[in-house]
Amino acid sequence: MKTRFSRRSRTSLIRSAIMGLPIMGLLCGAWGGLAAAQDMQAHPNWPGPGQLFVGACYQPIDRSPEEIDRDIAIMKRAGFTVVRLGDLSWDSFEPAQGKFTFEWFDTVMDKMRAAGIRVILDIPGTPAPIWLHRKYPGVDLVNQSGDRVPPAERYMDNISDPDYVREAGILADMLTKRYAHHPAVIAIGYDNEIGNGFMSYSEADRQRFITWLQRKYGTVEALNKAWATQRWSRRLNDFNDVDLPLADGPGPAERYLDLHRYWSDVTVARLRELDEIRRRNMPDMPTLSNLWDNAPRRGFDYLSTYKSYVTYGAEGFYPADPVSGALGALMTKGDLPTPIWFNEFTAGGGGDYGTPGRSRMYAYLSLILGAQGILAWTFNSHLGGEEQALFGLVDHDGTPSWKVDEFGRIATEFRELAKYGFPRYTHPEVAIAYSFDSAIASHPNGPSSTTRQYFQSTYGDQVQGAFEPLFRDNIDTAIINVGHDALASYKLVVVPADYLMDAASAQALRDYVVNGGTVLMTGYSAKIDEHGQWFNTPLPGRLSDVFGLKTNAFYRADAPLKIGMGQDTITTGVRYYEVLEPSTAKVLATFTNTRELSPAVTVNKFGKGTAIYLATESNVSVVGPILRQVYTMAGVHPGPQTPEGVYARVVDGRTLFVNTTGEEKRIPIASRKTGIISRHAYDGAIVLGPQEADLVP
């Protein structure tokens with residue numbers, strides 16, 4: 001590992017190779033036939049069954065050799081088995097173009113190995129070094145006003161710039177070749193939080209966007225049709241008439257949608273390029289990246305593309321509450337058969353020193369979700385930079401805090417639990433549809449877009465409204481893009497507020513129902529096509545016959561909606577409703593306090609399956625009661641019954657219970673049992689203290 005290459009000859013060869021990559025082709029489907037990031041079959045060298053990992057993110061660039069030794073000693077005493085290294089450190093590896101300094105990192109890697117600590121090696125393609133910005137001004141961002149923006153924050157790189165692409169590829173090639181056979185490396189990560197970058201508005205960016213449009217639409221006539229340019233005198237006579245749509249400001253929704261798709265393709269291209277380098281140099285190493293695909297600045301279409309650069313779904317886990325935290329984690333898993341990793345795991349927060357017991361509680365909740373590894377963010381509290389008031393496990397003066405002991409306790413308990421069927425390999429019977437396109441199209445730029453007046457709830461809230469009752473009922477659920485993942489293994493597919501219904505998704509849902517599946521779709525779904533324009537056919541677009549109805553009219557009631565279902569009345573927390581006009585569908589429930597007294601829920605037999613439509617938004621107050629009726633139709637079985645705020649899953653015949661509340665909770669049992677985690681004997685009831693967990697036979 002100490003071998004050095006001739007910098008000039010080595011980087012010259014790499015630079016020539018990287019320059020030959022079909023960069024723009026990546027944005028236009030050239031990677032359509034690319035193999036998945038890894039064969040998803042079990043790999044003997046990957047983390048697998050019976051292996052749980054606890055550790056931390058570590059930035060040795062902030063530490064002296066003596067401090068590194070002390071830090072590693074603390075990690076070893078705490079029982080840590082993994083660290084994440086390399087992220088955010090490009091200029092520490094390459095302080096000047098072509099001048100690589102890996103020796104310092106070799107030492108850290110060797111010390112981690114000697115301590116028995118494995119390494120997730122992050123390729124730090126973002127942020128780019130200052131020298132790269134100075135030498136290649138195209139890496140600088142340009143704002144909507146045409147002004148250059150200096151790289152003041154770590155996300156401020158123009159990742160579409162060819163010079164950036166080339167130099168990032170050189171770094172990735174050097175890093176992966178140098179550590180290809182280092183025994184400490186357990187996985188590779190790409191471009192920390194790449195989804196949180198900025199869009200850029202340079203002339204070069206405009207030209208790249210035009211090239212993307214030409215390849216997508218072919219002719220300016222097709223583009224005019226897709227963008228509805230006949231409206232308000234916006235016709236384009238030539239592709240050169242195209243301006244970059246404004247991400248922050250007014251503009252037509254169709255252009256805004258394509259702007260986000262373009263930047264999504266740019267982001268995915270960077271990830272696929274890195275994965276191509278990884279497959280060439282480290283073909284047996286899995287990928288495990290913290291990508292932040294739903295970041296508000298730019299984001300990208302992860303669930304349509306992830307299998308070409310992801311082996312294990314991974315994310316930074318900073319939950320505001322158990323439900324939203326669980327949903328976010330499962331969105332990174334999709335339908336991958338591999339466990340979830342939390343490359344960054346809550347140990348406090350910005351301006352929040354942390355709360356004793358909270359990280360441990362969430363560690364157990366992560367096991368319910370199918371987690372395999374948690375890495376505290378961060379090991380050392382930062383002395384400088386934007387996150388100097390985000391408090392790590394070790395205080396600013398180098399003193400281990402109580403959080404080291406808490407994560408050490410997690411590590412000890414996880415070693416024991418690995419004998420009892422963890423990590424959980426989930427096999428969900430229910431899937432929830434999530435669409436990047438619907439997320440963007442349902443909330444276009446303003447202020448003049450009437451879509452913002454129509455789609456008043458956030459798309460994310462409506463997806464969570466469908467997920468929450470399933471999670472409360474302890475039912476494993478996958479979050480997928482239905483147009484890109486197979487549906488046959490699911491007994492039930494829930495489609496909450498899927499505003500944009502593209503042809504592939506519609507066909508997948510149609511085929512699924514025809515072949516015997518059950519679909520529950522909510523209001524706001526299938527209103528616009530893939531170009532962001534309303535369907536000129538009965539709604540829900542492309543699926544009206546599948547659901548046996550049409551729904552054009554909608555209103556907002558004066559009071560929260562009430563729904564009559566048999567002898568029961570459901571009082572909801574919503575006012576939006578759609579007027580259903582059934583054709584072949586049967587009415588299951590009716591609104592009881594609206595002017596029309598129209599159907600609230602309909603059921604249609606189509607082919608061998610069942611299509612159910614809920615004529616209001618996806619809110620837990622209404623979706624929960626409806627789902628409990630749908631379980632029987634779909635053959636879905638709820639998990640263990642638990643009090644509010646307690647979640648549970650059965651693992652190899654034992655049940656893991658996690659109390660996420662600040663109150664004691666009791667779960668009745670019929671016989672005497674002893675908890676495997678607590679060693680407590682329970683008689684008549686399992687008693688869990690605040691934020692406590694136990695595994696019970």
Side-chain angles (χ1 to χ4, degrees), residues 57 59 61-62 84 86-94 122-145 147-165 167-169 171-172 189-202 204-205 208-209 244 246-248 259-274 289-302 309 314-318 328 332 343-344 349-350 377-378 382 384-390 436 439-440 445:
C57 297
Q59 286 76 43
I61 55 174
D62 291 334
R84 178 171 167 235
D87 57 305
L88 312 170
S89 303
W90 185 339
D91 65 1
S92 294
F93 294 121
E94 190 180 8
D122 256 39
I123 298 173
T126 55
I130 296 299
W131 63 256
L132 186 60
H133 283 267
R134 294 294 180 260
K135 186 161 187 177
Y136 303 108
V139 182
D140 290 346
L141 296 171
V142 174
N143 66 21
Q144 292 180 174
S145 300
D147 300 320
R148 171 192 169 271
V149 182
E153 190 180 276
R154 64 184 181 272
Y155 303 107
M156 299 179 73
D157 304 317
N158 187 347
I159 65 170
S160 72
D161 178 75
D163 292 314
Y164 167 86
V165 175
E167 297 302 318
L171 173 69
Y190 301 147
D191 284 4
N192 178 66
E193 296 181 351
I194 189 173
N196 199 37
F198 292 82
M199 301 177 187
S200 187
Y201 284 80
S202 70
D205 290 306
R208 287 190 283 269
F209 181 56
L244 277 163
L246 301 179
D248 182 16
L259 173 72
H260 281 268
R261 286 168 166 165
Y262 164 71
W263 280 107
S264 174
D265 282 359
V266 168
T267 304
V268 171
R270 300 296 81 86
L271 295 172
R272 286 173 169 165
E273 288 157 5
L274 291 175
S289 308
N290 180 30
L291 302 174
W292 200 0
D293 59 293
N294 60 347
R297 287 173 177 155
R298 190 176 65 213
F300 65 98
D301 193 353
Y302 173 86
Y309 49 85
E315 71 158 8
F317 187 66
Y318 304 99
T332 69
N343 283 12
E344 299 176 11
W377 183 269
T378 185
H382 298 179
E386 296 99 319
E387 294 191 348
Q388 59 184 273
L390 195 160
F436 173 82
I440 298 301
N445 50 346

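For the single chain, residues carry numbers from 1 onward in sequence order.
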Exercise for the section: Classify the ring geometry between Tyr309 and Phe300 as parallel (under 30°), tilted (30 to 60°) or perpendicular (over 60°). Expected result: tilted

Practice task
Kindly indicate, with the supporting measurements, whether the criterion side-chain contact (heavy atoms from CB on, under 4.5 Å) is fulfilled by Phe198 and Asn143.
Solution key: CA-CA 9 Å; Phe198 292 82; Asn143 66 21; over 6 Å; no

Handout entry: Asp205 vs Trp263, side-chain contact (heavy atoms from CB on, under 4.5 Å): CA-CA, chis, key distance, verdict
Key = CA-CA 10 Å; Asp205 290 306; Trp263 280 107; 4.0 Å; yes

Taking [X] for its side chain and [Y] for its backbone only, find out whether a donor-acceptor pair lies under 3.5 Å.
X      : Y      : result
Tyr302 : Asn294 : no
Thr267 : Gly195 : no
Tyr164 : Gly125 : yes
Thr378 : Cys57  : yes
Asn445 : Leu246 : yes
Gln144 : Ala247 : yes
Arg270 : Ile159 : yes
Asp157 : Ala128 : yes
Arg298 : Ile194 : yes
Asn290 : Gly316 : yes

Exercise for the section: Please say whether more than 12 non-hydrogen atoms of neighbouring residues, nucleotides or ligands are located less than 6.0 Å from CG in Asp248. Expected result: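 Check fails, neighbour count at 12 or below.
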
Problem - Verdict with supporting geometry, His133 and Met156, side-chain contact (heavy atoms from CB on, under 4.5 Å) - result: CA-CA 10 Å; His133 283 267; Met156 299 179 73; 5.8 Å; no

Handout entry: Side-chain donor-acceptor contact under 3.5 Å, Asn192 with Asp122
Key = no

Exercise for the section: Test Glu167 against Trp131 for side-chain contact (heavy atoms from CB on, under 4.5 Å), laying out the working first. Expected result: CA-CA 11 Å; Glu167 297 302 318; Trp131 63 256; 4.1 Å; yes

Problem - Ser160 side chain reached by Tyr262 side chain, heavy atoms, under 4.5 Å - result: yes

Practice task
With the side chain counted from C-beta on, respond yes when Val142 and Ser200 share a heavy-atom pair under 4.5 Å apart, and no when they do not.
Solution key: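 The answer is yes, as the side chains (C-beta and beyond) meet within the 4.5 Å cut-off.
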
